[in-house]
Amino acid sequence: MKFNTKTIHGGQHHDPTTGSVMPPIFQTSTFAQTSPGKPIGDYVYSRTANPTRTALEEALASIENGARGLAFSSGLAATDCLLRSFKAGDEIIAMDDLYGGTYRMFTKVYNNSGIKFHYVDMNDLDNVQSLINENTKMIWVETPTNPIMKLADIAAIAKITKANNILFAVDNTFATPYLQNPLDLGADVVMHSATKYLAGHSDVVAGALITKTAELGKQLHFQQFATGATLGPMDSFLVLRGIKTLHLRMQRHCENGEKVAEFLDQHPKIKTVYYAGLASHPYHEIAKKQMSGFGGMVSFDFVSGAKQDSVAFLEKVKIFTLAESLGGVESLANHPALMTHASIPEEKRKEVGITDDLVRLSVGVEDIEDLLEDLKQALA
Ligand SMILES: Cc1ncc(COP(=O)(O)O)c(C=O)c1O
């Protein structure tokens, strides 16, 4: 199946008992048994597995071209599950620009349990290579990154991880499988904040891991079942419903994102626009190589460099809603330094370019003329 068919049919089937086209929401914690240890069907207890979650997990595996999908109660719960595979003394090499919550988990939770993290600019692959030793267990990249839109060359990094027998994980939240397929490019596991584009309607918090091999999927399912941050049946249904229109939404997100980036790029009050679709973007060539479009996330800062300009702009937008999160049908605007990335220390934020006047837009699927008009009036 092609991608646009997979979002609707991949890994999915009608309910075998009723023919229900959408999977029923199996709102149950447990399943009856006929004799101790002999369940009627394949299910025992919903932390281990639930049919609505299974339906979502099979769809996730299909759209990311993986062997196994796992659905979690949040994106961070998915990342947490993966990190539980490591022990004190292990080392992880991560990108130097990450979603603030991922950085917080690495530095404030797993660092305390003795796992060592290195944060590097992944465009200098000698940088990555020089850090590898016998304790190195995983390379973690987010591409494009939140909020600076840095990219990492997935295929090039996969060559290094394969040569050194290191796990390679990619946070594919911003690109989605509509634009980028990390498992096809050599990654071992893909992570999603399914809260974002996969669910697509800002009405659910969810996460996902999709593995290249069934064996890794089995190991991670054990961690998930043993620690418990699974996605409930109602939320699984909502994410599955979202996936069915992922390709349609992403097409419009990309069209609108490009037009917003071009508009901002020409605006006299704007200094830098961070959008991989612009020829001036430092990672434009990598983006063209590994993505089939550039998405709907656009960040920018002001010529003035003044925090009050970004705050005033964010107080003035009308169609864009000032709120955390991204990837829903509605346009959102965010101030990373004061909101989503506030947990990153100021000097570290400055180092990666998250200035106090940086604004991040999640460009939705509204009419582009209304969106541009809104930006125009807020900037004025
Ligand atoms: C790129 C990225 N990864 C992971 C997460 C964490 O996901 P969640 O908020 O669903 O826990 C987010 C949330 O904003 C994100 O933007």
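We count ligands from 1, going down the list as the structure has it; atoms in each ligand are counted the same way. Predicted, not measured: the structure shown is a model, and the values here were computed from it.
For atom 16 (O) of ligand 1, the closest non-hydrogen atom of the protein is Asn146 ND2, 3.0 Å. Regarding atom 6 (C) of ligand 1, its nearest protein heavy-atom neighbour is Tyr99 CE2, 3.5 Å. Closest protein heavy atom to atom 14 (O) of ligand 1: Lys196 NZ, 2.7 Å. Scanning the protein heavy atoms around atom 2 (C) of ligand 1, the nearest turns out to be Asp171 OD2, 3.4 Å.
Residue Ala206 has at least one heavy-atom neighbour below 4.0 Å for each of these atoms of ligand 1: 10 (O).
Looking at Gly75 next to ligand 1, an N or O pair under 3.5 Å apart turns up. Between Leu326 and ligand 1, a contact under 3.5 Å exists for no N or O pair. For ligand 1, the polar-atom distance check against Glu142 finds no nitrogen or oxygen pair separated by under 3.5 Å. Considering backbone and side-chain N/O of Thr102, none are found under 3.5 Å from N/O of ligand 1.
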Side chain to side chain contact (heavy atoms under 4.5 Å, CB included) between Val120 and Met122, worked out
CA-CA 6 Å; Val120 296; Met122 296 269 171; 3.9 Å; yes

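Residues Tyr45 and Tyr43 keep their aromatic ring centres 6.0 Å or farther apart.
Among residues at least two apart or in separate chains, salt bridge (charged side-chain N to carboxylate O under 4.0 Å, His left out) pairs with a member in residues 152-163 are Asp153-Lys289.
Grouping the Ile, Leu, Val, Met, Phe, Trp and Tyr side chains by contacts below 4.5 angstrom, directly or via other members, places Leu183 with Phe3.
No more than 12 heavy atoms of other residues, nucleotides or ligands shown are found within 6.0 angstrom of NZ on Lys307.
Taking the charged nitrogens against the carboxylate oxygens, Glu347 and Lys350 have no contact shorter than 4.0 Å, which rules out a salt bridge.
Partners of Ser299 by side-chain hydrogen bond (donor to acceptor under 3.5 Å, both in side chains), not counting sequence neighbours: none found.
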